[in-house]
Chemist: 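Shown below is the structure under consideration.
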Amino acid sequence: MDAPLSPASPATLPTVAVVGLGTMGTGIAEVLARAGREVIGIDVSEAAAAQAVAALEASTARAVRRERLTEDERQGILARFRTFTDLQAAADADLVIEVAPESYDIKQQIFRDLDAVVRPETILATGTNALSVTRLAADSARPERVLGLHFFNPAPAMKLVEVVSSVLTAPTAVAAVTDLAIELGKEPVAVGDRPGFVADGLLFGYLNQAAAMYEAKYASREDIDAAMKLGCGLPMGPLALLDLIGVDTARRVLDAMYAESHDRLHAPAPVLKQLSEAGLTGRKSGRGFYTYAEPGSSEVVRDALTPLAGEVVDGARTIRSVGVAGSGTMASGIAEVFAKAGYDVVLAARSDEKAEKAKSRIGKSLSRSVDKGRMTAEAAAQTLDRITPAGTYDAFSDVDLALEAVAEDLEIKRELFSTFDKVCKPGAVLATTTSSLPVVACARATSRPQDVIGMHFFNPAPAMKLVEVVRTVLTGDDVHATVREVCAKIRKHPVDCGDRAGFIVNALLFPYLNNAIKMVQEHYATLDDIDAAMRLGGGYPMGPFELLDVVGLDVSLAIEKVLHREFRDPGLAPAPLLEHLVAAGCLGRKTGRGFREYARR
């Protein structure tokens, strides 16, 4: 193995000019200077150039205080960064990276001016995340040396760099900037020229749908953001992320994507235009979807839309005992959650044997918790004692809450709710854990639809904090209040949503997954590159193909079909590649093969 490259003698592209010293340009300049490059910072604004120097001085001083740099190393970094206001300063650069505002006119003028300044072999890179690299290259005197080099904000921290080739780009230029990215400690992903590339191409469609969901008053901004953080493990909710990115920036990116794709998922939600034109662009203006303490602050402050903390729920029914119908992983997980919270639980299945097996599964789960020191052996035994297995739903005759977690089949669920109607006492709350079927259809199978509600838990139920509380047009206010109160007692975070396909999480998650499949289907990027891009560039705990294989391709396809059927949007039609894999029996980890192959256990 070769020795690590010394910052004092970089092997690839030793002199780099950065044109545009805003937040991103300054961050890129810091990365380059830390890696031993001579960095020529260029901005028409002397104030911006001075601010870039000050930012580098401050960040390197912090690094010295934290003992991540010596003072000598810091002085070397600062000496390698020089700023200018004239593009002529780029004459000796081996690579020029422009990070100017997202405007064809501005960027094309920069490239035309650079043609007259730089050497013939100098590589010209655009930092755009929305505009066509091909269009910018075509306007250059040497289009073969033009490519995209898309860093993510903040550039010093984010590992992903998308290396974007046009049909005109020379392979040698791609190889050189790829080597550079690796030497900078980044993970380069090779992509073709299309709006948004991989990470933003997938991310902004998801953000746009979240904005449209909020605009439609389907769910509150707090519930949308909490649902995606708790349901998908994301570091930020979509509306908070739009405020961080800048609502105006997001709108421009989506406009560019829609102009190329004509996919309705990329047509900017009207609320983005309204907020932008009102100057409510997010954190930088002090107000966007949320209100902030001051412009540039990350501190969210109360406004007219903020829900009251610790709001007392009126009219809730008393819940002492719970019936859980089903014998699978979800049913046993939910029964465990209620029993841990002190409720008496009847766990009913289609036979005594299935019910006993489900209780045994809970016992093993509780034993693991004891082994990990999360609960005492005595508490585990008491929890298990609260669970009574039953081979008939007649055992639900005295429960206060009956909750089904059976197969995701509407006829099976309707038949079960008809049974609940017959065996459960008057006043019992009847709940379904469906993730995609209409709750109202279950309600209509009973003579008391006002008592029926959705409680969508996430797998594994003992660990996942989110419950989507789904009201139908027939659900009683007291039933809704009861379920909200129950969620608090079982230490889950409830989010309210209406009775439509996908609720919050699946309605936002699965179109994103479907679009990732389309990228592979169109040979735009590889599975590995897309997964890396979303983990490193989007902060996702799993890439889309890792997640699809875990969820199951058959389950994913079923949800995609429900979403497409309900919303009738062509962009939601399941990707043919997903349908082909399911038809071939490649369902993910559970079958040993999905998008990837897995070792048989």
Side-chain angles (χ1 to χ4, degrees), residues 16-35 37 39-45 47-60 77 81 83-85 87 90 93 95-104 106-107 110-111 114 124-131 133 136 147-164 177 180-181 184-189 191 195-201 203-204 207 236 241-253 256 281-285 296 298 533 536-539:
V16 183
V18 179
V19 180
L21 295 176
T23 302
M24 180 61 84
T26 299
I28 293 171
E30 177 175 344
V31 171
L32 291 162
R34 279 175 174 260
R37 269 63 187 176
V39 183
I40 300 160
I42 303 171
D43 199 295
V44 292
S45 164
Q51 191 172 353
V53 172
L56 184 58
E57 289 175 343
S59 67
T60 52
I77 291 168
F81 181 48
T83 62
F84 304 86
T85 57
L87 278 179
L95 166 68
V96 180
I97 306 172
E98 72 76 19
V99 204
E102 289 290 272
S103 159
Y104 278 116
I106 293 172
K107 291 181 186 290
I110 289 171
F111 277 98
L114 285 170
L124 304 181
T126 173
T128 184
N129 67 341
L131 304 181
V133 175
L136 293 171
L147 45 69
L149 199 55
H150 181 212
F151 288 78
F152 287 74
N153 205 13
M158 299 295 278
K159 289 290 188 185
L160 179 67
V161 174
E162 291 176 318
V163 179
V164 188
V177 296
L180 171 66
L184 296 178
K186 303 299 183 184
E187 296 201 27
V189 168
V191 297
F197 313 129
V198 170
D200 285 352
L203 177 65
F204 278 88
L207 296 177
M236 292 184 79
L241 183 53
L242 280 164
D243 275 356
L244 176 62
I245 292 167
V247 176
D248 52 340
T249 300
R251 180 192 167 197
R252 284 197 302 271
V253 172
T281 54
R283 285 191 189 182
K284 59 189 174 186
S285 70
S298 61
L536 300 171

Chemist: Looking at every non-hydrogen atom in both residues, tell me the closest pair between Leu21 and Ala49 and how far apart they are.
Modeler: CD1-CA, 3.9 Å
Chemist: Residues two or more places apart in sequence or in another chain: which of them pass salt bridge (charged side-chain N to carboxylate O under 4.0 Å, His left out) with Lys284?
Modeler: Asp248
Chemist: Any side-chain heavy atom of Asp200 sitting closer than 4.5 Å to one from His150?
Modeler: yes
Chemist: Looking only at heavy atoms, what is the nearest atom pair of Phe152 and Gly537, with distance?
Modeler: CD2-O, 3.9 Å
Chemist: Could you pull out all residues at least two apart from Pro188 that satisfy side-chain contact (heavy atoms from CB on, under 4.5 Å)?
Modeler: Val163, Thr178, Ala181, Ile182
Chemist: Once rounded to the nearest 0.5 Å, what's the spacing between atom CZ of Phe204 and atom OG1 of Thr249?
Modeler: 7.5 Å
Chemist: Which heavy atom in Phe151 sits nearest to a heavy atom in Met24, and how many Å separate them?
Modeler: O-CE, 3.5 Å
Chemist: In chain order, what residues pass the side-chain hydrogen bond (donor to acceptor under 3.5 Å, both in side chains) check against Thr26, with sequence neighbours excluded?
Modeler: none
Chemist: Kindly determine whether Ile245 and Leu207 satisfy side chain to side chain contact (heavy atoms under 4.5 Å, CB included), including the steps that lead there.
Modeler: CA-CA 11 Å; Ile245 292 167; Leu207 296 177; 3.8 Å; yes
Chemist: With a 4.5 Å heavy-atom cut-off, do Leu184 and Val161 have their side chains touching?
Modeler: no
Chemist: Out of curiosity, Thr60 OG1 to Phe81 CZ, how far, rounded to the nearest 0.5 Å?
Modeler: 11.0 Å
Chemist: Arg37 and Leu95: side chain to side chain contact (heavy atoms under 4.5 Å, CB included), yes or no, with the steps?
Modeler: CA-CA 11 Å; Arg37 269 63 187 176; Leu95 166 68; over 6 Å; no
Chemist: Taking atom CE of Met236 and atom CG of Leu241, what is their separation to the nearest 0.5 Å?
Modeler: 5.5 Å
Chemist: Applying side chain to side chain contact (heavy atoms under 4.5 Å, CB included) to Val31 and Lys186, what does each step give before you reach the verdict?
Modeler: CA-CA 10 Å; Val31 171; Lys186 303 299 183 184; 4.0 Å; yes
Chemist: With sequence neighbours left out, write down each residue that passes side-chain contact (heavy atoms from CB on, under 4.5 Å) with Gln51, or none if nothing qualifies.
Modeler: none
Chemist: How many angstroms lie between atom CG of Leu149 and atom CG of Leu124, to the nearest 0.5 angstrom?
Modeler: 12.0 Å
Chemist: Please report the closest heavy-atom contact between Leu536 and Met158, naming both atoms and the distance.
Modeler: O-CE, 3.2 Å
Chemist: Should Arg251 and Val247 count as side-chain neighbours, where that means a heavy-atom distance under 4.5 Å?
Modeler: no
Chemist: Residues in side-chain contact (heavy atoms from CB on, under 4.5 Å) with Ser59, at least two apart?
Modeler: Glu30, Leu56, Arg62
Chemist: Apply side-chain contact (heavy atoms from CB on, under 4.5 Å) to Ser45 and list each qualifying residue two or more places apart in sequence or on a separate chain.
Modeler: Asp43, Ala47, Ala48
Chemist: Holding to salt bridge (charged side-chain N to carboxylate O under 4.0 Å, His left out), I want the full list of residues that pass it with Arg283, two or more places apart in sequence or in another chain.
Modeler: none
Chemist: Return a table of donor-acceptor pairs under 3.5 angstrom between the side chains of residues 96-103 and protein atoms on other chains or two or more places apart.
Modeler:
unit_1, atom_1, unit_2, atom_2, d
Glu98, OE1, Ala100, N, 2.8
Glu98, OE1, Lys107, NZ, 3.0
Glu98, OE2, Lys107, NZ, 2.9
Glu98, OE2, Thr126, OG1, 2.4
Glu102, OE1, Thr128, OG1, 2.8
Glu102, OE1, Asn129, N, 3.4
Glu102, OE1, Ala130, N, 3.3
Glu102, OE2, Lys107, NZ, 3.3
Glu102, OE2, Thr128, OG1, 3.2
Ser103, OG, Asp105, N, 3.3
Ser103, OG, Ile106, N, 3.3

Chemist: Output all residues satisfying ring pair (Phe, Tyr, Trp, His ring centres under 6.0 Å) with Phe111, sequence neighbours left out; order by chain, then residue number.
Modeler: none
Chemist: Which atoms form the tightest heavy-atom contact between Val133 and Gly148, and what is the distance?
Modeler: CG1-N, 3.8 Å
Chemist: Considering all heavy atoms of both residues, which atom of Ala155 and which atom of Gly27 are nearest to each other, and what is their separation?
Modeler: CB-C, 3.7 Å
